[in-house]
*Asks:* 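Once you've had a glance at the structure underneath, I'll fire off some questions.
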Amino acid sequence: MPTLGDYLLVSGLLFSIGLAGVLLRRNLLIIFMSLELMLNAANLSLVAFARHSVTAFGLPDYNAQVLVFFIITVAAAEVAVGLAIIVALYRLRQTTHVEDLNGMKF
Amino acid sequence: MSPLLSLILIPLVTAAFCMAGAAPRRISLFGAGANLFLSLYLLTSYNLEIGGFQFVSENILVPAYGISFSLGADGLSLVLLLLATLVTFAAVWVSPQGEKFPGMFYACLLFISTGAIGAFASIDLFFFYAFHELALIPTFLLIGIWGSGDRQRVAWKVTIYLALGSFILLLGLIGLWLAVPEGLRTLDIRLLQQLGTAGILTPGPVVYLLLLFGFGILIALFPFHTWAPEAYASAPAPAAMLHAGVLKKFGLYGLLRLVVPIFPQEIQQFAHLVLVLLAGNILYVGFVTIAQKRLDLMLGYSSVMHMGYAFLGFVALNQLGLGGMSLMLFAHGLTVATLFALCGEISRRTGTLEFSELGGLAGITPRLGLLFGFAAMASVGLPGFATFAGEIMIFFGAFAHGAGGSFNWFQTITALSLWGVVISAVYMLRAYRNIFWGARGSAIKDETADLSSGVRWAVIILIAVLLLTGFRPGLLLDYLNPVFAYLP
Amino acid sequence: MNPLYLEVSVVVLGIILFMVEAFSGAGSKRSIVYIGFIGLLGILAATFFADPALLDSSAAYARFYSADPLAIFLKQFTLLTTAVVLVMALEYAPTVEAGLPAERRGAGLGEFYTLPIFACAGLMWMASAVDFVMIFVSLELVTITLYILVSYLRRNENSLEAGTKYLVLGALSTGFLVYGITWIYGVTGQFHLATIAAKLPALDQATAPALLFGFGLVLVALGFKISAAPFQFWVPDVYQGAPTPVAAFLAVASKAAGFIVLIRVIQTFFVVPALQEKILPLLAVITGATMIFGNLAAIPQGNLKRLLAYSSIGHAGYLLLGIVSISAPFAGTAIVFYLVAYLVMTLLAFLVTTIVAQATGGDDIANFNGLNRRAPHLAFALMLSMLSLAGLPLTAGFLGKLFIFECAIEEQHWILVILGIITVAAGFYYYLKVIRAMYWQQPTDPDAPEIEVGGPAKLTIALLCALIIWIGVYPAPLLSLLP
Amino acid sequence: MDPLLYPWIILFAPLCAAAFILFVLPRRGVAAGAVGVATAALVCFLSWKVFLIPGLAVTAQISWIEVPGVFSVPIGIILDNLSRVMLVVVTTVATLVFIYSAGYMRGDEGIPRYYASLSLFLFSMLGIVLADNFIMMFMFWELVGVSSYLLIGHYFRKDSAADAAKQAFTVNRVGDFGFMIGILMLWLATGSIMFSGIEENLSVLTLHPGYFTAACLLVFCGTIGKSAQMPLHVWLPNSMEGPTPVSALLHAATMVAAGVYLLARIFPVLLAAPDVVREVIMWIGAITCFAAGLMAIQQDDIKRILAYSTISQLGYMVVGIGVGATGDVAMFHLFTHAFFKCLLFLCAGSIIIALHHEQNIWKMGGLLTRMPVTALCMLAGGLALAGVPFFSGSFSKDNIIEWAWLNNRTGFWIIASAVLLTALYTFRLLLVVLLGKPRGDHAARAKESPLVMTLPLVILAVPAVIAGYPWFIGHFFDIAYAEAPAIAHKIVLGFLAAGAVLAAWLYLRGPARDPVRIPLLANRLYIDNFYNWLVIRVQGGLSVLGSWFDRWIIDGLVVTGSARTVWGAGYLLRLLQLGNLQAYTFFFGAGVLLVLYFLVFR
Amino acid sequence: MLTILFWAFSVLMLAAAIAVVVFRNPVNSAMSLVLSFLALAALFITLDAFFIGIIQVLVYAGAVMVLFLFIIMLLDLKAETRRRLNIAALAGGLAVLGGFAVLITQIIKSLPSSTDHFPTLARTGYSDGYEIGMTLFTDFNLPFQIIGVLLLVSTVGVVTLSRRSLR
């Protein structure tokens, strides 16, 4: 049987991979996908924790699962808005690369 | 309305009128004159028999901290208020007509005056500090807009330097406040003094040093003095008069008002440090003054140098030294104001202040020469001027430290400080000789005009007060002595 | 009145404005602002009648929503900010119109005026949030609204660039926030702050690293919101690129809400002294770094909005100093007072900047040269706000700093205090730069006409100026209002 | 009028006159002169009255600085024999000089300024004379310095006059520096600044001798400065840049004697002090006396010769303090010297005017016939100066020399040989100026001066001759005559004769230029050069160094440096703001790592 | 059995996630992301979170990914041309990453409950959707409303941001 730690480890690795995408990739879209990976990693941990701390009724803690639900919703909204911005940016600059965004610095 | 409040509000309202742009010179002259009379009235109506703080008014603003807009004046503040109003009046009077943006110019002058008056009249620690800071920005503007020479750089430097000093001071004040035992917490300077002299309030050396260096920066204590000469050289004459003559006295006033009653042990503990620093002020800065080749810079340095004497009176920590210090505050304020006023006149007439380009001016502008001579003599501490009385008291006060028959630090430094009297004679006479005497300098023309009667009378008033108080220091000492009567 | 209705009213107001926008003619965009402005002020007035006792403590919402004085205060704060931002937006309208690809005149303006109201609702919920779920949800409402607003000018590269940067970094911080909440939940099994605080002392010592890990991640996310170093990198770019009213909103309301949440979270964890010992030094380091970065890096700036951005980082540092000294009896009030002072002076600065930038065609400091000649009143107002930001006595900013420093000295954070002093002095330098430009420098175009200011803006400027001095001189009424 | 008021009138009348002239008559030369002369005459008259009322003692005091219970400085008046005599001398000489000036300064545009300064001087001098405490004396001491400064700088357009005035003031301040420290030390030791108080307390106090010595010697510094003793004598010859009456009054008769007066005033203190004090005083006086005499014999400027002779004579007086049994020994010489030296200067002034401001004695000659009154008066003064028997100078000077014989034999030989020098330069002066052929056009056409100038000469010539006789001086002083053996007197006479013969041998033939050339003496022993070096190189160098340090190290390195550091730090910090999103995410991540590491693992 | 499933899906998910980061063509990344999400949904189900798993599939794999793909197609993004590798950035990023991974593993190790097996549930045959629905609409009503506002705002925002001008 996999332990809580196993789930957490997998989730941590997923989070790290997501972070790697954010740190290393230059394409805004992929950065955005990586951000989704990070959120999902959090969700995995959350669900695992929820499963671990059963309530008095002997069921998983649905409070945490509701939070996961919220996170998914928010992520979807965020993706929608983010993609809209990326589209607007692409229309103006014909690029989705982060290095091209250096009009303001110092 | 309490008279002290009017003293603060008159310049403020006048400044507002100036900004609105209605005949600024006339209005501000009127306001400053009214203020002068008001301060004279306060001086005469102060009851010497009762002593202490009078004309007190209190308006509590922040109960949690005890911040209250409280005004009150004892002998020391009254003398300084007289100084402030007198110099303001003179500064407004000698302000050249036809400056650019006259409304703002006079408003700035009056703001500085307001700041100084407010600081001297406040008996609440918060407003004591706040009013002084208020004057910082008008100084910045005055130097920056109407200054001469490298005005921009100087304005920055002065403002930042003084701001830093004020913040250090602020830290010290907060420390002081926090040192008051819980339950007695107050910002009332009178209560703080009482707690200090009663030995209940002992904030310790850290706070003392913060206050010392905070005030020290504002006073241009060596080695924090380099802002002053440049500032006075670059500032327009009226601004230099107000700043050197009045605003700078805030630091000394603070030392007398707060540090002396509360930190007697610390003053003694760190006396050697202060003695060494003030020797730096007198001897080192004195030598630097000798090397100056421009009148404005020289006057700036000399004003820094004289602060050394004030500190000597401060560490003496006895009635005599502190009385002398406060007398000197007044006298020095008037002296530098006079000198800067005349310095401005010279520069406006000849277009230069370099010694090498001036000379023989007394032959063409005898009145200017005469008045400058008076001011110079007051500056070197000639008997008959109040400066001398102050210096004498300081020297005796400082020398009185330690047993007779042996030399200690105090006496050594006093003796060295006396050498400063020689130094000041050297540079002041050299300046006078180079500007007014000797062969005609290249910048002097036949048609160079003598002082206009307006400026003349403004300066004469200042000198007359110096002479009057020099011949009869008791006029001021009657007010000042009771302030320090609790000391040995 | 039940405080719950406050947010509801704001949302309803927002929806009404959407309706007005959708069903009224093209020329009535200004009326949106007026309705919004009056509505917000009405709700602001209502906050004073909000009675926390009417909240049903047994109801489901009770575990998410608190209407303690701090929350009410922040709601008022936010409402006021939003109202001023609306005025600013009105002045900024020409730039928005120029920045939008529009099918007809004024298209998109309505949303620009309305979206801040939703952000305001989010902030008000944030103020009341006492549960991590609630914190997350309301924070995201604010953040997403701001993503949209920052990148609102779609023809303006800077706006889009700022939007993108804010988007990516914001989403990143959301990721950390969620992960942090997860870990805190993992250790305590709770989202509710008060319950967590109750559980913490009984917890196994071995769980401390995990707990701190979670807390650290939450701290990172909140640090991003309040622009604490080293999570402040987005601030200058975003403020500079964002439409000025949005920048003001970011600088004031969003930051204040971040601070309130931070206070709530920190207070939860400070229940355990061992945790407090771990957290305080970290906060102190962050505070020092924030003060230094904000104030020093501001010195060489040439763009006023960017300068204000750095300055807002610096002010975050001073606010953090208050949080570090939170154990001082007066610290809470000091922080809140600082926030109010900061609101007044920052909004004033942004408002004047908006107007002047509109008239001179740019928000570089050089655009302000000789402003005294063109618009003496605006110059005076901006000077006043700069002096207050710099912390000159008898202005609101000074008292704010004074209270904060007093708390810090009382808590003996000497190194931070000294850093604070140095940075405040450095701050004088760059704030005075603006004053110098306005008063010393020659205007680039001496014949330029007087700058016209709209009525509401004029009124607001006068009001803010008066407030700066009023708070600076006579803060007692305000202090008595504060929690 | 109440005689008790006389001293106050004497003291303040000149001040009022000065102020009146300055503010009311700044452009009216004649009126200013009249006011000045009238005031001086009034003061003189009152002084004589005070002198003649025996036992008049003024007890009233004006409080000047008053710190209750701690410190008080009164303005009070002391009226003992010393001050009465001094009062008379000062006011008499001054009145004559005031009158004489009316003639000498005729046509000068600065007459009001001149008389105002002169009146101010009179005020200050009288203050010194009447002062009953150290601080009051110090105040007037300084004021005397100022009035001297103003008068020396009367011809302020001349660079040399301007420099001389500045130098005089500065050098005097150097002396005052020591004086003030001495006052402070005496005050600290005795708790009083009153002369009487100090003397009273001395008897009950036991002071560390070293401290006491130092205090007295520092007070003596005041004398060194004011009375132009070595090494602070340099200002006096240069002060001859002022108008000649000024030289006569200030720099010969009265002001420079103030130093001696001070010593006489505190004579009881000096007596109580360790012997080394008076020994040092004696030595300083003796050296000054001899060295100044040496310098005088090679000067060509008539006023400079007199100036050096003044220094030399002041040296005698100081020696008199050092060796005399009472202060009157020195005061006696001061008394006679005041008359004859003033006379000599006024004669010189008369000649200078007659010769159209020619001051070089080698351009003079044969004036005995052309200006007989002046010449005869000058002769009388000269003989008194040289100490020729039966002239006033011989009595007072011999007394000092004989006291030296009794108390310090080495000192005796030095000052006795100085008699030779005195004779030599005096006769050189008289011979070259009065006899022989005129050496220049001006001299050839010289005419006697007007009455307003010659009258004071004649009046002064009388005391110059007779002031030394015991029947005259007895009215003023009760002098302690030295009981030296006759040999001492003979030695002095021998030196005098030798000097006179030497002078006659050298100058009686009427040479066109000085047959003796001793550059060392002509250049005043190079002391002036040394001071120049000191002022320009050492003080100038130090101050330039200080200025450099102030500008570049304190201001540049420390102040501006720290400001620059902050600016630079800001500049560098803002470079972190790369503008690149990826960099930001990297920093963000790194920050997270740091925060977590800090929180969890530290 | 559960163990095998868990490891299988975990490896699949992580591999797909790595693929997201590594692929240069955005379309490939997006497809890998879908795969990763599906695997994650399976993991949810192993944790008895059926509803969440289904939502994960519906919302993420369904809606969000479609959006991504749609945008990629709309913008006509080509594969990232191989640019010069920024060694410093790469090294820095990897360092941060490594540090973070180590940190997380340390934390997980230190957590006492990490070795726990999941407790068995007291009941069987309960309805996952019912429980979540009840929680959502009763206890979490307030946040749920806020989420609603959030969705409204983002809808308006997306419309405004992507509105085209009519010229």
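So that the names make sense, note that chain A is the first sequence line, chain B the second, and so on, each numbered from 1. Atoms considered below: every heavy atom in the structure, side chains included; atoms not considered: hydrogens, waters and symmetry mates.
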*Asks:* Whether A/R93 engages the ring of A/Y90 as a cation-pi pair (distance to the six-membered ring centre under 6.0 angstrom, angle to the ring normal within 45°) should be assessed.
*Replies:* no

*Asks:* For D/W141 together with D/F179, are the ring centres under 6.0 Å from each other?
*Replies:* yes

*Asks:* Taking it one step at a time, do D/Y211 and D/L188 satisfy side chain to side chain contact (heavy atoms under 4.5 Å, CB included)?
*Replies:* CA-CA 11 Å; D/Y211 182 89; D/L188 192 61; 3.8 Å; yes

*Asks:* Can you tell me which of A/L19, A/I31, A/L24 forms the most heavy-atom pairs within a distance under 4.5 Å of chain D?
*Replies:* A/L24

*Asks:* Under 4.5 Å from any heavy atom of chain D, what part of A/L23 do you find: side chain, backbone, both or neither?
*Replies:* both

*Asks:* CD1 of A/I17 to CG of A/N40: how many Å apart, nearest 0.5 Å?
*Replies:* 12.5 Å

*Asks:* Which residue out of D/L575, D/L581, D/N580, D/L576 racks up the most heavy-atom pairs below 4.5 Å with chain A?
*Replies:* D/L575

